[in-house]
Amino acid sequence: MQYWLMKSEPDVYGWSHLNAEKNATDHWDGVRNYAARNHMRAMKEGDLCFFYHSRVNPPHIAGIVKVVREAYVDPTQFDPEQKYYDPKSSKDNPRWDMVDIRAERELSSPVTIAEIKEIPALKDMVLLNNSRLSVQPVTKEEWDVIVALRP
DNA sequence: GCCAACGTTGGC
DNA sequence: GCCAACGTTGGC
């Protein structure tokens, strides 16, 4: 079991879009950063991810999602009409992948970045040290500390 | 809205 | 292959 954190701007796609109450599955498409893509490629079915809301005040972890399908080709890279179109990608040699996720549970209240910063055991989180990486690994120790905040 | 940090692009 | 210029992200 591996743990991750994925970021999203709630105005664009937030926790509410996951339709947790319908147990819906969605594609995590549009990732256009190689480091983030490589993390997605390392994801295994059943892995858990914190679902983080960025560019809001305050930024926070809203919930937990589960990986329900491992990395496969993100079709939005081939469509010139799409925001995520990549003219340098091709169907013979696709650059970008996506995974499928499903809401696991919403946190009883958000865990804000300020709260994370106050906890010494979380000081090495990628979230605090490479704030631009949109898909990032979380250690089991970090995962357990945060989950214990909102059991 | 500002701006620092980071990733990517492209000229050389 | 270097690195300046540029675009984007994201906390504040």
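Every chain is numbered from 1, with letters handed out A, B, ... down the list of sequences.
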*Asks:* Regarding Glu106(A) and Arg150(A), does a basic nitrogen lie under 4.0 Å from an acidic carboxylate oxygen?
*Replies:* no
*Asks:* Polar pairs (N or O, both sides) under 3.5 Å between protein and nucleotides 7-12 of chain B?
*Replies:*
none

*Asks:* Determine whether the aromatic ring centres of residues Trp28(A) and Phe51(A) are separated by less than 6.0 angstrom.
*Replies:* yes
*Asks:* For Gln136(A) and dC6(B), give me the distance from atom CD to atom C1', rounded to whole Å.
*Replies:* 14 Å
*Asks:* Evaluate the side-chain proximity of Asn130(A) to Arg132(A): yes if any heavy-atom separation is below 4.5 Å, no if none is.
*Replies:* yes
*Asks:* Would you mind reading off the distance between Leu127(A) atom CG and dC6(B) atom P, rounded to a whole angstrom?
*Replies:* 14 Å
*Asks:* Under 6.0 Å between the ring centres of Tyr85(A) and Trp96(A)?
*Replies:* no
*Asks:* Under a 4.0 Å threshold between the charged nitrogen and the carboxylate oxygen, would Lys66(A) count as salt-bridged to Asp47(A)?
*Replies:* no
